[in-house]
> 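I am attaching a structure below and will ask some questions about it afterwards.
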Amino acid sequence: AAARISDGWSFGQAECSAMKRNPLLVSYDKLPESTKKSNRDTVIYAVKTIIGYGYHLKVPSRKRVKDDVTALSRAAAAQGASFCREFRGQLDNAITTGKWYYEVELKTHGFMRVGWATTKNVVNTMLGTDAHSFVFDGFLARKWHQGSETFGRTWQDGDVVGCLLDLDRS
């Protein structure tokens with residue numbers, strides 16, 4: 001809702017894209033129960049699908065995430081990303097050969113990292129800060145692996161980020 005409001009949208013009795021009006025642009029507690037249920041169901045089905053493909057989702061505690069914030073992450077926090085959650089998918093049997101690719105469509109331009117991690121990556125380590133993960137942070141336009149350096153551009157809502165891994169090359 002905050003993004004829509006900043007884009008000039010406001011509450012209206014009926015949805016009208018031309019006038020930027022939407023009847024659902026209200027606080028969550030004022031949404032119809034059917035809309036709340038639809039939103040919850042969407043998330044539940046997405047999580048079930050991820051688990052169905054053999055992944056495990058582990059969400060770190062809020063305290064651990066805050067304790068892991070690096071100097072650049074603090075800069076991101078000063079720009080509005082005061083809290084970040086991680087979702088790490090881990091296959092029961094890690095891949096060791098082949099070429100692998102996935103894409104992520106960004107629904108927000110906020111603070112997040114997208115990439116790959118080895119089985120040696122420690123769950124309590126922020127992705128990209130050690131030798132076992134390779135990630136891109138489009139909020140800060142930096143690539144991370146044992147530290148960071150400027151790379152690419154900052155991302156925007158709706159961007160698609162592709163991640164390619166070639167395990168056949170040494």
> State which residues pass side chain to side chain donor-acceptor pair (under 3.5 Å) with Thr49; sequence neighbours excluded, sorted by chain then number.
none

> Evaluate the criterion ring-ring contact (aromatic ring centres under 6.0 Å, His included) for residue pair Tyr102 and Trp116; output intermediate values, then yes/no.
CA-CA 10 Å; Tyr102 72 92; Trp116 297 92; 5.2 Å; yes

> Measuring from Lys143:NZ to Arg113:CZ, what's the distance to the nearest 0.5 Å?
14.5 Å

> Assess whether side chain to side chain contact (heavy atoms under 4.5 Å, CB included) is satisfied between Trp9 and Asn22, documenting all intermediate values.
CA-CA 7 Å; Trp9 284 76; Asn22 190 313; 4.1 Å; yes

> May I have the step-by-step check of side chain to side chain contact (heavy atoms under 4.5 Å, CB included) for Val160 and Val104, ending in yes or no?
CA-CA 6 Å; Val160 176; Val104 176; over 6 Å; no

> Quick check, are the ring centers of Trp144 and Phe151 under 6.0 angstrom apart?
no

> Would you check if the side chain of His145 reaches a backbone N or O of Thr129 as a donor-acceptor pair within less than 3.5 Å?
no

> Going by side-chain heavy atoms closer than 4.5 Å, which hydrophobic residues are tied to Leu164, directly or by a chain of links?
Tyr101

> Can you tell me how far CD of Gln146 sits from CG of Asp130, rounded to the nearest 0.5 angstrom?
7.5 Å

> Verify, without hydrogens or angle tests, whether Ser133 (side chain) and Gly128 (backbone) share a donor-acceptor contact under 3.5 angstrom.
yes

> Can you tell whether the side chains of Arg153 and Asp159 come within less than 4.0 Å, N to carboxylate O?
yes

> Output all residues satisfying salt bridge (Lys or Arg N to Asp or Glu O under 4.0 Å) with Lys37, sequence neighbours left out; order by chain, then residue number.
Asp41

> Any ion pair linking Glu15 and Lys20 (charged N to carboxylate O, less than 4.0 Å)?
no

> Suppose we screen for salt bridge (Lys or Arg N to Asp or Glu O under 4.0 Å). Which residues come up paired with Asp157, at least two apart in sequence or across chains?
none

> I'd like to know if Phe134 and Met112 are part of one continuous hydrophobic network [Ile/Leu/Val/Met/Phe/Trp/Tyr, side-chain heavy atoms within less than 4.5 Å].
no

> To the nearest 0.5 angstrom, please state how far the CZ atom of Arg40 sits from the OG1 atom of Thr35.
10.0 Å

> Yes or no on side chain to side chain contact (heavy atoms under 4.5 Å, CB included) for Lys48 and Ile51, after CA distance, side-chain angles and deciding distance?
CA-CA 5 Å; Lys48 285 181 178 180; Ile51 292 169; 5.8 Å; no

> Restricting to non-hydrogen atoms, name the atom on Gly152 and the atom on Ala141 that form the minimum distance, rounded to 0.1 Å.
O-CB, 4.1 Å

> Please assess Val114 against Cys163 for the test side chain to side chain contact (heavy atoms under 4.5 Å, CB included), listing each intermediate value before the final yes or no.
CA-CA 8 Å; Val114 178; Cys163 296; 3.4 Å; yes

> Report whether Leu24 and Met19 are members of the same hydrophobic cluster (ILVMFWY, side-chain heavy atoms less than 4.5 Å apart, transitive linking).
no

> Could you list the residues that satisfy salt bridge (Lys or Arg N to Asp or Glu O under 4.0 Å) with Asp7, not counting sequence neighbours?
none

> Does the side chain of Phe136 reach to within under 4.5 Å of the side chain of Ser148, using non-hydrogen atoms?
no

> Enter the distance from Asp168:CG to Thr97:OG1 here, rounded to the nearest 0.5 Å.
6.0 Å

> Rounded to the nearest 0.5 Å, what separates atom CZ in Arg142 from atom OG1 in Thr150?
4.0 Å

> Side chains of Thr42 and Ile44, heavy atoms from C-beta outward: is any pair under 4.5 Å?
no

> For Tyr45, give me all partners under ring-ring contact (aromatic ring centres under 6.0 Å, His included), at least two apart in sequence or on another chain.
none

> State, to 0.1 Å, how close Leu106 and Val161 come at their nearest heavy-atom pair, and which atoms those are.
CD1-CG2, 3.8 Å

